[in-house]
Each structure stands twice: as C-alpha cells, then as structure tokens.
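Everything on this sheet refers to the single structure shown next.
Letters go in sequence order (proteins before strands), and every chain restarts at 1.
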Amino acid sequence: MYIRDKISEQIKEITAKALDKAVASGAFAVETMPDLFLEIPREKEHGEYSTNIAMQLPKQTKKPPRFIAETLVANIETEGSCIDSVEIAGPGFINFKLKKSWHYPVLEEIAAMKKDYGRSQKHAGKTFNLEFISANPTGPMHMGNARGGAIGDILASIADWTGYEVTREFYINDAGNQIVKFGDSLDARYRQLLGEDVPFPEDGYQGEDITEHMKNFIAEHGDVHQAMESAERKELLIDYALNKNLDQIKSDLAAYGIHYDVWFSEQSLYDSGAIEDTIVRLKKGGYTYEKDGALWFKSTEFGSEKDDVLVRANGIPTYFMGDIAYHANKYITRGFDRCINVWGADHHGHVARLAGALTALGIDAADNFDVVIMQLVRLLRNGEVTRMSKRKGKAIALTDLIDEVGVDATRFFFNLRSPDSHFDFDLDLAMEQSSDNPVFYVQYAHARICSIIRQMTEELDAAAPLELTRLTEKEEFNLIEVLSLFPDEILAAEDRLDPSKITRYTIDLASAFHSFYNACHVRVEDKVLMKARVALIEATQQVIENALGILGISAPERM
RNA sequence: GCGCCUGUAGCUCAGUAGGAUAGAGCAACGGCCUUCUAAGCCGUGUGCCAGGGGUUCGAAUCCCUUCAGGCGCACCA
C-alpha cells in the first residue's frame with residue numbers, strides 16, 4: 001500500500017469516526033451513510049485532501065451543510081495522525097492540510113521499490129488479453145496501425161502494472177474475402193509480369209507491394225507456375241506473399257518496440273472446427289434462424305438495430321462469425337478473465353453485436369469485454385489533410401513514419417491524446433525534431449538528472465547522514481507530490497483504458513523537476529542537504545524511467 | 001433517417017464519480033546562465049466551456065434539444 005493510500009484511508013477513518021460521534025451526540029440523524037469520497041483540491045490553499053460529505057447530508061439530516069461541517073470538524077480527532085489542520089471552506093467543504101513530514105516516506109518508498117514503484121496488486125491473479133493492430137496481412141501497415149499499436153501496447157503495459165497477467169495478441173485475418181481478393185490481385189500481377197494480357201480485378205489491391213511480391217516470386221521461381229491451374233496457383237501465391245507480409249509485419253513491429261505473445265490465425269479457427277462448434281452453440285441456444293439461405297444471429301435480442309448474417313447463403317461464414325468464434329476461444333477455450341480490443345472508429349458498429357453474441361454464449365461481456373475505439377488518424381502534410389487509402393497504396397507506411405520521426409516520438413505522439421480524440425498527425429512538426437516535441441522535454445529531464453548523479457557520486461560525502469527532512473523548499477515538496485501520484489495515475493489509466501494519462505504524467509513530472517532544478521542546486525556546500533537532494537533526484541530519475549518504460553520510450557542518460 | 005465519437009484560450013488539448021476563482025503546452029511579449037545540461041526556468045493575457053432548455057446547494061461535466069465536424073448503419077473486413 002502506497003503512502004497516499006495510507007493517508008487517505010486514515011483521513012476517511014477519522015472522518016467516519018467524527019461522523020459517528022456527531023450522530024451519537026444527537027446533532028443530526030443519518031439514515032443511509034453516503035460514500036466518503038476524498039478529492040485532491042485543485043487549489044493548494046485548500047489543503048492536500050478535501051471531502052464534500054457535509055454537502056451530501058443536508059437532505060436527510062435537514063441541517064445546513066455548514067452546520068454539518070462544523071459539527072464534524074468539532075468531533076474530529078487528529079491526534080497522532082498525519083493531519084495538521086482541518087478547515088471548512090466554501091459551501092461546506094472540509095479541507096485537510098497535512099503535516100509536511102508526510103512527503104519524506106514517499107522517497108523512501110521509491111528507493112525501496114525502485115523499478116516496481118507504481119505497481120499494484122489490484123488485479124493480481126487475473127488474466128488479461130489485449131488484442132490490437134490485427135492489421136490486414138494483405139499489405140504493409142499504415143499510420144492508423146501505428147496509433148493502434150502505441151495505444152494497445154501501452155495499455156497492455158498499464159494492465160500489467162495493475163497486477164494482470166497480460167497477453168498481447170495479434171489476430172491474423174488470413175481467411176475470408178480479402179484473402180480471395182489478395183489472391184486475385186497477386187495472380188493478375190503475376191500473369192501481367194509474364195506478358196499475359198489479363199485485366200486487373202476492379203476491387204483488387206493496387207499497391208506497389210503486390211507487384212513487388214510477384215517480381216520477387218518470378219525471380220525466385222521463374223515462370224514454372226504459369227501453366228498451373230489458376231486456383232492452385234493462387235493458393236501458392238497467397239501462401240508466398242502472406243508469409244512475406246507477416247514476416248515484414250513482425251519485424252516492423254519489433255522495430256516499433258512491440259512484441260506479441262500470441263499471433264492468432266483466423267484460418268486456424270476453421271481448421272480446428274472452432275467455427276463449427278460455435279455455430280452449434282449459438283444454434284442450441286436458440287439465437288439463430290435461417291432466412292434467404294443464410295444463417296442469422298438475433299442481434300436485435302441484444303439491443304442491435306438489425307440481425308446479422310453468420311453464414312452466407314454460399315456456405316461461407318462471415319467475418320463476424322469468425323470473430324465470435326475467436327472470442328469464444330479467448331474466453332472459453334483459453335479462459336481469459338478479461339479481453340480488450342483496440343479498434344479503429346470505422347469498426348465501432350461491430351462492437352455491440354459482438355458483445356451481444358458473447359452474451360449469448362454465456363460470457364459476461366458487460367464486465368469483462370471492452371473495445372477501445374480510437375478515432376481515425378488524419379495526416380497533415382504542409383498543413384493539408386492527406387486522405388489515406390490502403391487499396392490505392394497511398395497510405396503512409398508505419399516504417400516510413402518510424403524512420404522519419406523515430407520510435408520514441410511516434411509512440412509519445414500517438415499517446416499524447418486520449419484514444420477518443422480525433423488526431424491530426426502533423427508530419428512536418430513531428431519531423432522537425434525541435435524542442436516543440438514534448439518527448440524531448442521529458443527525456444531531457446532524465447538525462448539532466450543522470451548527468452548530475454554522475455558528477456555527484458564523486459563529490460558525495462558517503463559519511464554524511466541521509467536526512468530527508470532537510471528538503472523544505474516548495475519546489476522540493478511539489479516534486480515529491482508529483483512522484484507520490486504515480487501509482488494512482490497508473491490505476492486511473494487502467495480504469496479508463498486511457499494510456500495518454502501516463503504520457504501527460506511524464507510531462508507533469510518533468511515540469512516539476514525542471515522547476516526544482518532551476519530553484520535548487522543539488523551541488524551545495526552543505527553535504528547533508530546535498531545528500532538529501534541527491535536522494536530526491538534519484539527518486540525522480542527512477543519514476544521517469546518507470547513511466548517511460550510503460551510507454552516503451554527510452555530514458556537516455558545523455559542527450 | 002438512425003447509432004457512436006468530437007466541439008473548452010489564436011492553435012493543439014487537459015479538466016479527476018457533478019465541486020470552490022475553468023487549466024497546461026504552443027504561439028506573442030518581458031526577464032533568468034562566472035556554479036549541477038538554457039532541449040531549461042520565472043513572469044504577463046486570453047475564455048457566452050458550440051447554442052438553447054432542464055435536473056440541484058453547485059453543471060464544462062448528468063438529461064433533453066438544436067447546430068457543426070468525423071465514423072458507422074453489407075450475405076466487406
């Protein structure tokens with residue numbers, strides 16, 4: 001349990017006791033006790049913690065909030081607690097000011113926990129599956145995948161820090177219609193390259209990469225497949241290009257700092273009979289019906305506006321069907337407690353019906369299934385919006401982005417805003433590598449600290465005692481306060497499935513450090529003070545390192 | 001037409017379960033390096049929180065409605 005948890009628990013306990021005493025003395029009667037909630041006031045003059053309990057009680061007590069607050073405060077026992085003073089303010093807030101000494105144990109805590117400072121056991125013992133990117137393997141990844149990758153990977157780290165046992169997973173869409181189209185496109189290019197006058201499929205993949213694949217294929221194998229049966233050859237070409245693409249995706253993502261635990265093949269659901277099993281389950285549950293030769297799912301029974309096709313009239317299951325079987329595999333076959341998917345906004349219409357299907361399968365989708373919908377990325381070049389179109393091959397590739405902008409900045413940028421926000425990626429700004437880029441601001445703070453520590457180790461009088469109470473400047477206290485918030489920040493990021501909270505936290509922390517740096521010198525004559533300040537910046541270094549670690553961004557020791 | 005997301009300072013966005021005087025960065029202007037990294041710090045100002053109703057002690061936050069932008073509403077994925 002962290003210092004802040006201990007403090008807020010103590011304040012709540014003391015307040016609850018005061019409330020009991022007030023009621024016992026007959027000052028007012030309370031029928032149902034509202035939840036005691038502490039908030040951290042925006043204004044520092046309002047103390048470290050504040051409660052609005054007195055403003056929640058007037059209705060049932062028939063007493064004005066100020067009266068309730070006054071009665072409560074009169075009954076509060078602060079003896080032996082961390083509370084320095086209790087004040088009533090505004091319409092009836094009760095503000096708690098803490099003794100300054102509450103700060104020091106924070107540094108001891110960080111020094112003791114080091115790389116684990118910020119971790120909690122909230123979800124210990126539970127498994128968590130995070131599926132993200134799952135890019136179509138018919139071509140290279142683009143900017144949208146880059147955002148999903150940064151969000152998903154960091155969300156996974158955050159879940160890990162809250163105690164979950166996390167599995168990062170990539171769902172390979174290697175079955176279905178787009179693979180057929182992929183094969184048609186490959187086949188057409190193959191034959192065109194060998195001089196045949198065949199038309200390119202109208203809705204085919206027009207990207208250069210398709211032609212590239214076939215050039216390479218011909219270079220490797222010559223034209224021996226030209227005489228082959230078309231269907232047979234397509235299968236061969238798909239197998240060839242798909243594997244190349246997957247290898248490329250894997251290495252591109254590795255370069256982006258993303259490492260998956262599981263690469264899950266959609267096709268394997270067909271091969272293993274999982275699709276068929278799931279269809280049977282849904283049928284048995286009475287959630288399906290046949291119409292126009294197709295098998296339908298009763299989505300409308302789960303709040304959707306219309307029912308959806310599971311198996312087409314031609315006997316081929318839909319993508320929806322595959323996704324249901326896939327999630328059944330996650331929950332039922334593999335037994336994950338919680339599953340989260342990161343999807344682009346263009347897929348949000350799919351969420352409700354999938355959740356409905358999971359509910360039909362007896363899975364508690366309401367509690368254990370979530371889809372983080374990220375709004376689509378627009379690309380800004382020369383101040384103009386560039387439309388992305390994968391089929392025309394116009395999309396900015398993930399690799400180009402990383403080459404030009406760098407892994408650290410790319411990951412940071414994509415997590416600067418909440419997934420909900422419509423995000424304009426300004427290529428020119430991102431490529432500028434100027435100080436406008438906030439990632440430098442944070443990394444610079446880290447490098448600065450490392451530089452100081454490097455120099456201090458020689459000067460530091462080892463015999464000087466460590467007296468943290470020598471830290472009394474307001475910049476020092478402020479920095480410690482920001483450090484103490486880190487564990488809560490991770491929990492909040494997990495709770496809201498919003499990784500950008502951590503990114504913004506690193507900026508706040510760096511800012512608190514830079515302010516301290518300009519106000520206080522670490523290298524001072526007074527060796528005891530110096531030692532205390534070194535302890536402070538070491539703690540800061542550790543927390544920046546931990547936070548950047550969650551973000552998958554490097555914490556450089558020199559810049 | 002229906003559903004989801006968004007609308008807060010000139011720009012990009014925060015805003016904690018409804019809380020106290022709505023915040024930060026960028027941009028603008030003015031200061032701060034003979035001492036630990038100036039990629040830094042300090043200071044100055046800006047808001048009909050898209051508009052209109054409602055709920056209540058109290059609303060940027062919740063409900064209704066209008067407007068604007070994005071994305072969906074396939075036997076595509």
Separation of atom [atom1] in [X] from atom [atom2] in [N], rounded to whole Å:
{"X": "A:Ile373", "N": "B:G72", "atom1": "CD1", "atom2": "P", "result": "12 Å"}
{"X": "A:Tyr441", "N": "B:G40", "atom1": "OH", "atom2": "P", "result": "7 Å"}
{"X": "A:Lys44", "N": "B:A20", "atom1": "NZ", "atom2": "P", "result": "17 Å"}
{"X": "A:Glu475", "N": "B:G40", "atom1": "CD", "atom2": "C1'", "result": "14 Å"}
{"X": "A:Ile507", "N": "B:C13", "atom1": "CD1", "atom2": "P", "result": "14 Å"}
{"X": "A:Asn518", "N": "B:A38", "atom1": "CG", "atom2": "C1'", "result": "8 Å"}

- [ ] Establish, yes or no, whether the cationic atom of A:Arg353 lies under 6.0 Å from the six-membered ring centre of A:Phe297 and within 45° of the ring axis.
- [x]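 No, A:Arg353 does not sit over the ring of A:Phe297.
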Polar pair under 3.5 Å, donor/acceptor by atom type, side chain [X], base [N]:
{"X": "A:His422", "N": "B:C5", "result": "yes"}
{"X": "A:Asn52", "N": "B:G19", "result": "yes"}
{"X": "A:Asn95", "N": "B:A20", "result": "yes"}
{"X": "A:His350", "N": "B:G72", "result": "no"}
{"X": "A:Ser418", "N": "B:A14", "result": "no"}

Tell me which nucleotide among [options] gets nearest to the side chain of [X].
{"X": "A:Ala345", "options": "B:G23, B:A77, B:C71", "answer": "B:C71"}
{"X": "A:Asn177", "options": "B:C36, B:A14, B:A77", "answer": "B:A77"}
{"X": "A:Phe93", "options": "B:A17, B:C75, B:G19", "answer": "B:G19"}
{"X": "A:Val309", "options": "B:C75, B:G19, B:G15", "answer": "B:C75"}
{"X": "A:Arg42", "options": "B:G3, B:A77, B:G23", "answer": "B:G23"}
{"X": "A:His521", "options": "B:C36, B:U16, B:C71", "answer": "B:C36"}
{"X": "A:Asp420", "options": "B:U6, B:C73, B:C36", "answer": "B:U6"}

Opposite nucleotide pairing with [N], Watson-Crick or G-U, both atom distances under 3.5 Å:
{"N": "B:C62", "value": "B:G54"}
{"N": "B:C41", "value": "B:G31"}
{"N": "B:C49", "value": "none"}
{"N": "B:A68", "value": "B:U6"}

- [ ] Kindly state whether the pair A:Tyr517 / B:G40 counts as stacked, where counting means centroids closer than 5.5 Å and planes tilted less than 30° apart.
- [x]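 No, aromatic ring not over the base.
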Open item on the list: Under 5.5 Å centre to centre and under 30° between planes: does that hold for A:His347 and the six-membered base ring of B:A77?
Closed with: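 Yes, A:His347 stacks on the base of B:A77.
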TODO: Return no unless some side-chain N or O of A:Arg448 is found under 4.0 Å from OP1 or OP2 of B:A38.
DONE: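 Affirmative; the distance criterion is met.
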TODO: Starting from the C-alpha separation in whole Å, work towards a yes-or-no answer on ring-ring contact (aromatic ring centres under 6.0 Å, His included) for A:Tyr441 and A:Phe412.
DONE: CA-CA 11 Å; A:Tyr441 182 80; A:Phe412 200 91; 9.7 Å; no
- [ ] For A:Tyr270, enumerate each residue passing the side-chain contact (heavy atoms from CB on, under 4.5 Å) test, keeping only those at least two apart in sequence or located in another chain.
- [x]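 With sequence neighbours excluded, A:Tyr270 shows a side-chain contact (heavy atoms from CB on, under 4.5 Å) to A:Ala175, A:Glu266, A:Gln267, A:Ile275, A:Pro317, given in chain and number order.
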Mind listing the side-chain donor-acceptor pairs of residues 535-545 of chain A below 3.5 Å, one per line with the distance, residues two or more places apart or on another chain?
from     : atom 1 : to       : atom 2 : distance (Å)
A:Thr540 : OG1    : A:Leu536 : O      : 2.9
A:Gln541 : NE2    : A:His446 : NE2    : 3.1
A:Gln541 : NE2    : A:Glu545 : OE1    : 2.8
A:Gln542 : NE2    : A:Asn546 : OD1    : 3.0
A:Glu545 : OE2    : A:Lys115 : NZ     : 2.5

Task: Ring-ring centroid check A:Tyr287 A:Phe302, cutoff 6.0 Å - done: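 Yes, the ring centres sit under 6.0 Å apart.
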